[in-house]
Amino acid sequence: MSQPNRTNNNATTDPPKYVVDRTIYAILPDSLDNSNWTSTSQPTSTPSSNDGIPPSQERLHRLHGTSLLHDAATLLRLPPSTYATSCTIFHRMYHRTSLKQHCVWSVALACTLLAGKVEEEPRSVRSIILIYAHLYRRRRLRVGDDVATYSYGAADAEADNTATLTNEEKENMLRHVKPMSLGGPVYAEWSEKLIDMENVILRELGFTLHWIPDSHPHKFILYFVRVLEIEDKEVAQKAWNYCNDSCRLDLCVRYEPEVIACAAILMACSYHSLDLPLTPRPWWEVFIGPNRSQDLSSSCNSILAVGDEQDLDNRRAKYAFIPSLLKEPSFNDPESYLWSVAD
């Protein structure tokens, strides 16, 4: 039943109010024809694309942000589900706001904090800041990257003499970094950015994060494997790994978790040369219905592309520091105070 129109005479004077938006956790329809969407492109309707950011650059920053979430989750000893939740929050955030409004480092900081709360695996603000400050130093030094072989050209943003140091020397430098003072300006800079961004994300996502843990494709992997009577545990593990890779891109916003789970199983079975029934109809139709072959294909191609270690964007997102796209320098960009005192 339609609601009657109500006129608010104070509409011009009332302050803006934040309400729960029931559309923010819906599956977004593809803005592109599926046949034209490739592993290196993103939906054209994102706020970042509306701001003039090319799809390849948006993909790079998404990969960069989720690689930070992965490294932080590992160092904080967070379970895989918490990492997946942090990635979902991250991607949802950038379907509500642009990369020119908020940098991936500040958003990733807050996503780690929020995911821990949602999954009941909370970590203190102090521990999260110390971990991200450590990752910040590692990215500036490109620890683990083959600096002699891979160069990102003018896009490089790294500490001085990075190319002349070995990985052992870089690790030694990190071991001798002075502890961060909890009452100093550096800690205050990180802390202020973390708390502010937590509030921004909660407002942008309508304070509704409780549903996320039940929407991961990982939840469906074991059930689907059991129904398909796949007894090889290595197949299930491979499918699980593909689900982890899917968190790197915004597939969780574009497709239902059942579609991503089926794509992961399809690739895992192909990797282990395991045949599943395709007649009288493909096995995945039991779980996701008919006419979803193109969605599966797009998901598979996207996930496989993320695992390409020779791709420069993948390596740069994983090992290097990528400056923000903000109109003004971010809190930790090369022109910032944190950059000057990070050594």
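Atoms considered below: every heavy atom in the structure, side chains included; atoms not considered: hydrogens, waters and symmetry mates.
A distance-only check finds no donor-acceptor pair linking the side chain of Asn172 to the backbone of Glu168 [under 3.5 Å]. No side-chain donor-acceptor contact under 3.5 Å links Ser86 to the backbone of Ala115. Side-chain N or O atoms of Ser330 include none that pairs as donor or acceptor with a backbone N or O of Asp333 at under 3.5 Å. A donor-acceptor contact shorter than 3.5 Å is absent between the side chain of Thr97 and the backbone of Tyr94. Side-chain N or O atoms of Ser298 include none that pairs as donor or acceptor with a backbone N or O of Asp295 at under 3.5 Å. Side-chain atoms of His91 come within 3.5 Å of backbone atoms of Cys247 as a donor-acceptor pair (strictly under, hydrogens ignored). Judged by distance alone, the side chain of Asp311 and the main-chain N or O of Asn314 form a donor-acceptor pair under 3.5 Å. A donor-acceptor pair under 3.5 Å is formed between the side chain of Thr88 and the backbone N or O of Ala84.
Residues Asp313 and Ser56 come closest through the heavy atom pair OD2-O, 4.5 Å. In terms of heavy atoms, Val259 sits closest to Leu296 at O-CD2, 3.5 Å. Considering every non-hydrogen atom in both Val200 and Met93, the closest pair reads CG1-CE, 3.7 Å. The heavy-atom pair separating Glu121 from Leu78 by the smallest distance is O-CD2, 3.5 Å. Of all non-hydrogen atoms in Phe321 and Pro323, the two that sit nearest each other are O-CD, 3.6 Å. The minimum heavy-atom distance linking Ala108 with Gly65 is given by the pair CB-O, 4.2 Å.
Phe331 has its ring centre no less than 6.0 Å from the ring centre of Trp105.
Side chains of Ile131 and Thr112 form no contact here, defined as non-hydrogen atoms less than 4.5 Å apart. Counting heavy atoms from C-beta outward, Glu256 and Arg292 have side chains that approach closer than 4.5 Å. Proximity of Arg96 to Pro47: side-chain heavy atoms (C-beta onward) are nowhere separated by under 4.5 Å. Side-chain contact between Val104 and Ile322 is absent, with no heavy atoms from C-beta onward closer than 4.5 Å.
Side-chain heavy atoms closer than 4.5 Å link hydrophobic residues (I, L, V, M, F, W, Y) into clusters, and following such links, possibly through other members, connects Leu69 to Leu202. If you chain together hydrophobic residues whose side chains sit under 4.5 Å apart, Tyr319 and Val143 never meet in one group. Residues Leu326 and Phe90 do not share a hydrophobic cluster, defined by chaining ILVMFWY side chains whose heavy atoms lie under 4.5 Å apart.
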Worked verdict on Glu171 versus Arg138 for side chain to side chain contact (heavy atoms under 4.5 Å, CB included)
CA-CA 8 Å; Glu171 293 285 4; Arg138 291 183 65 89; 3.3 Å; yes
Go through Arg123 and Thr82 one step at a time and tell me if the side chain to side chain donor-acceptor pair (under 3.5 Å) criterion holds.
CA-CA 11 Å; Arg123 297 296 185 268; Thr82 306; over 6 Å; no
Derivation of the side chain to side chain contact (heavy atoms under 4.5 Å, CB included) call for Ser191 and Ile129
CA-CA 7 Å; Ser191 179; Ile129 289 175; 3.7 Å; yes
Worked verdict on Ile260 versus His216 for side chain to side chain contact (heavy atoms under 4.5 Å, CB included)
CA-CA 9 Å; Ile260 302 173; His216 299 316; over 6 Å; no
Please report the C-alpha distance between Cys87 and Arg248 in whole Å, then the side-chain angles of each, then the deciding distance to 0.1 Å, and finally whether the side chain to side chain contact (heavy atoms under 4.5 Å, CB included) criterion is met.
CA-CA 7 Å; Cys87 290; Arg248 302 291 305 281; 6.0 Å; no
Side-chain atoms of residues 270-284: list all donor-acceptor pairs with protein atoms under 3.5 Å, sequence neighbours left out, distances to 0.1 Å.
none

Below 3.5 Å, can you tabulate the donor-acceptor pairs from side chains in residues 221-236 to any protein atom, sequence neighbours excluded?
{"unit_1": "Asp232", "atom_1": "OD1", "unit_2": "Glu234", "atom_2": "N", "d": "2.9"}

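One distance of note links NZ of Lys238 with SG of Cys243; it measures 12.5 Å at 0.5 Å rounding. If you take CD1 on Ile89 and CG on Leu209, they are separated by 5.0 Å, rounding to the nearest 0.5 Å. Distance check: Asn332 CG to Glu189 CD gives 9.0 Å after rounding to the nearest 0.5 Å. Interatomic distance, Leu304 CG to Asp245 CG, rounded to the nearest 0.5 Å: 9.0 Å. The SG atom of Cys111 sits 10.5 Å away from atom CD of Glu198, with the distance rounded to the nearest 0.5 Å. Taking CG from Leu135 and CG from Leu68, the interatomic distance works out to 6.5 Å, rounded to the nearest 0.5 Å.
A donor atom on one side chain and an acceptor atom on the other are found under 3.5 Å apart for Thr85 and Glu119. At a cut-off of 3.5 Å, with distance as the only test, a side-chain donor of Gln237 or Asn241 sits close to an acceptor on the other residue. Side chain to side chain, Arg62 and Ser48 fail the donor-acceptor criterion of an N or O pair below 3.5 Å.
Other residues, nucleotides and ligands place more than 12 heavy atoms under 6.0 Å from the CG atom of Asn199.
Listed by chain and residue number, nothing satisfies the ring pair (Phe, Tyr, Trp, His ring centres under 6.0 Å) test with His102 (two or more places apart in sequence, or in another chain). Here Tyr132 pairs with nothing under the ring pair (Phe, Tyr, Trp, His ring centres under 6.0 Å) rule; sequence neighbours left out. With sequence neighbours excluded, the residues forming a side chain to side chain contact (heavy atoms under 4.5 Å, CB included) with Ala133 are Arg137, Met180, Trp190, listed by chain and number. Looking at residues two or more places apart in sequence or on another chain, you find a ring pair (Phe, Tyr, Trp, His ring centres under 6.0 Å) between Tyr83 and His70.
The existence of a salt bridge linking Lys219 and Glu258 is excluded, since no basic side-chain nitrogen approaches an acidic carboxylate oxygen closer than 4.0 Å.
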